[in-house]
Amino acid sequence: MGSLTLILSPLRWMPDVRNRMKGGYQEVPRLELNQSRRPSTGFKWTIRAIIFTIFALLFYFTYRFVLTMSDQGLSERERAALKEGPTYDAKPTTKKIDRGTRPHMTVAIPIPGKMTCPGPVIKPSAKTPTDVNQVRPADITYVAALGDSITTGSLSYDLPEEFTDDDRNFVGNSFDMGGDGGLETHLTLPNVLRHVNPALVGFSMGKGLEVEHAQLNVAFPGRWSDDFPRQAQELVERFKAYTPASIQSDWKLINFFIGTNDITGICRTNTGTPKDQYKAFLREAIVTIQKGLPRSIISLIGMWNLDFQWRAAKIIYNTTYKCSSNFDTIAQARIVEYREAINELSADSALQSKTQAVVVQRVFDDLTEPLKRADGSYDANFYATDVFHLSKYGNSLVAKQLWKQLIQPVGGKSTTNSEMADNDGTLACPDKFRNGAFEIRNHSMLRLSLHPHNCQQPELRDSRLQCDDGETEIAATVIPPHH
């Protein structure tokens, strides 16, 4: 009887719903219960606690089931990383900041570039090279790029009053495509190339994604790697604005940088884009470009590390961001896989020929924390106002290192924190032993570009060939497979 009383007792306060719907109201007659058999208040709260616990457990196990299902898209490396624990130590997250403002960032800091290289190593070839391994920076006629908001120069403002500008894509400041000003006022890769070849075309100017501003920069904010095949087609289309003869005969430098949003996607779904899909998207884009744009040098820029970019705001400002508990571990493992993917593409002989090359740049590979100054403090001016994109200043620092890696030996490319933080605009010079050519030696077969009479049996040492006399060095260039 006690159990029945407990179950029926709420009926004492329930209105007659049917009567209320007819416009009337009658209180349901109260059940005459034995007052001595009513449950105690403590007993009622015990029942409520049990019910709450049951619902909490149901919610927890449902949540764990969803996470388990989402983990089905993880690679073996990422699963192993989860078992090993986080790659980076978590920092306290007690402070929140407005991602749209940053009080200390009041002006853009320009970095002028300084070209002090001797004329012979930066001058163009006497005639247009027919071998990709002989191409000098001054032989590049077109510069182009595929990517996301990093390549569109998002938030790389020139002036404080532009912080609220509706158009946040300052394409003219982009590290690999920006052409605003000139080398003497703003260090970007195109401005370096323009310095050695004033006839360079394709670089971006001003702000906005319209073709008149972006030119051969087909990057688009927020896009994942699955957009690269479309961007490659768009690039081929934009080249139709130039003469067919020029497209066939002139050399092109095309930069790839993608994956930031693929990694961010892990935050929301725990899957993002797996390595094999990432590699397939990039390969399709490469093939499209190589079929439509002869004499292309495709420069693959490796993805940056988690603490250098995604967690920069958290580390520098102790801010919070909402992601799954496994995000840091899975994301860093995926970043490593993306680097493996571009290295595999560079090593794919089907993508290499005498007139085509795919080469990897390791600009960000060795930067494992937010950029630091020489005194050990974080250089927050490197980042844009959202502490996610690059500021105009940061774009210049990256451009300086990208230029250096383009002329560094394959297998010897690297950028340290101190090198990236160095805001002296003096640029590295091409190797005189390479006759100033780009470093694209990523094949296995070598030949001598010079044949001195006193060097009959040269010995390969690192990136050069040294003669038997131990003194004469001659450049080694590559014989790529012919297709």
Which atom pair, heavy atoms only, marks the closest approach of [X] to [Y]?
X	Y	answer
Ile315	Tyr378	CG2-OH, 3.4 Å
Ile247	Gly292	CG2-O, 4.2 Å
Asn173	Thr188	O-CG2, 4.2 Å
Ala428	Cys117	O-SG, 3.7 Å
Gly302	Ile342	CA-CD1, 3.5 Å
Pro229	Ala285	N-CB, 4.3 Å

Counting the benzene-type ring for Trp, do [X] and [Y] have ring centres under 6.0 Å apart?
X	Y	answer
Trp304	Tyr338	no
Tyr157	Phe170	yes
Phe281	Phe228	no
Tyr383	Tyr317	no

Short N-O contact, [X] and [Y], less than 4.0 angstrom:
X	Y	result
Asp158	Lys392	yes
Asp328	Arg311	yes
Asp348	Arg283	yes
Arg373	Asp379	yes

Name the orientation class of the two ring planes belonging to Trp310 and Phe388 (parallel below 30°, tilted from 30 to 60°, perpendicular beyond 60°).
perpendicular
Step by step, work out the side-chain contact (heavy atoms from CB on, under 4.5 Å) result for Thr128 and Arg295.
CA-CA 11 Å; Thr128 303; Arg295 296 191 174 183; 3.4 Å; yes
Can you list the steps and then say if Gln332 with Asn305 is a side-chain hydrogen bond (donor to acceptor under 3.5 Å, both in side chains)?
CA-CA 7 Å; Gln332 185 59 35; Asn305 287 301; 2.8 Å; yes
Measure the spacing between [atom1] of [X] and [atom2] of [Y] and express it to the nearest 0.5 Å.
X	Y	atom1	atom2	result
Met177	Asn191	CE	CG	11.5 Å
Ile258	Asp148	CD1	CG	4.0 Å
Lys404	Gln401	NZ	CD	4.0 Å
Leu155	Ser391	CG	OG	10.0 Å
Asp386	Ser154	CG	OG	7.0 Å
Tyr142	Trp251	OH	CH2	14.0 Å

Say whether Ser299 and Gln361, considering side chains only, have a donor N or O and an acceptor N or O under 3.5 Å apart.
yes
Under 3.5 Å: donor-acceptor pair, side chain of [X], backbone of [Y]:
X	Y	value
Gln290	Ser296	no
Thr264	Thr260	yes
Lys413	Gln408	yes
Gln215	Val201	no
Arg334	Ile263	no
Ser156	Gly153	yes
Lys252	Pro294	yes
Asp139	Arg136	yes
Glu419	Thr416	yes
Arg223	Gly147	no

May I ask you to test the [X]-[Y] pair for a side-chain heavy-atom distance under 4.5 Å?
X	Y	value
Asn255	Thr151	no
Trp403	Leu187	no
Phe220	Leu209	yes
Ser396	Pro110	no
Trp224	Tyr278	no
Leu402	Phe257	no
Asp366	Thr415	no
Thr355	Val132	no

Give me the one residue out of Asp176, Asp424, Asp422 that meets salt bridge (Lys or Arg N to Asp or Glu O under 4.0 Å) with Lys400.
Asp422
Start with the C-alpha gap between Ser204 and His213, add the side-chain angles, then the distance that decides, and say whether side-chain hydrogen bond (donor to acceptor under 3.5 Å, both in side chains) holds.
CA-CA 6 Å; Ser204 305; His213 300 297; over 6 Å; no
Applying side-chain contact (heavy atoms from CB on, under 4.5 Å), name anything that partners Glu344, two or more places apart in sequence or on another chain.
Lys275, Lys279, Glu340
Is there a side-chain hydrogen bond (donor to acceptor under 3.5 Å, both in side chains) between Thr368 and Asp307 once you walk through the steps?
CA-CA 6 Å; Thr368 57; Asp307 279 8; over 6 Å; no
For side-chain hydrogen bond (donor to acceptor under 3.5 Å, both in side chains), just list the numbers for Tyr242 and Asp250, CA-CA rounded to whole Å, side-chain angles, deciding distance to a tenth of an Å, and then say yes or no.
CA-CA 11 Å; Tyr242 305 98; Asp250 291 327; over 6 Å; no
The test is side-chain contact (heavy atoms from CB on, under 4.5 Å); show your working for Ile254 and Ile297 and say whether it passes.
CA-CA 6 Å; Ile254 303 174; Ile297 299 172; over 6 Å; no
Would you sort out whether Arg238 and Val218 count as a side-chain contact (heavy atoms from CB on, under 4.5 Å), showing the intermediate values?
CA-CA 9 Å; Arg238 291 193 189 184; Val218 296; 3.7 Å; yes
Verdict with reasoning, Val171 to Met205, per side-chain contact (heavy atoms from CB on, under 4.5 Å):
CA-CA 6 Å; Val171 291; Met205 299 284 286; over 6 Å; no
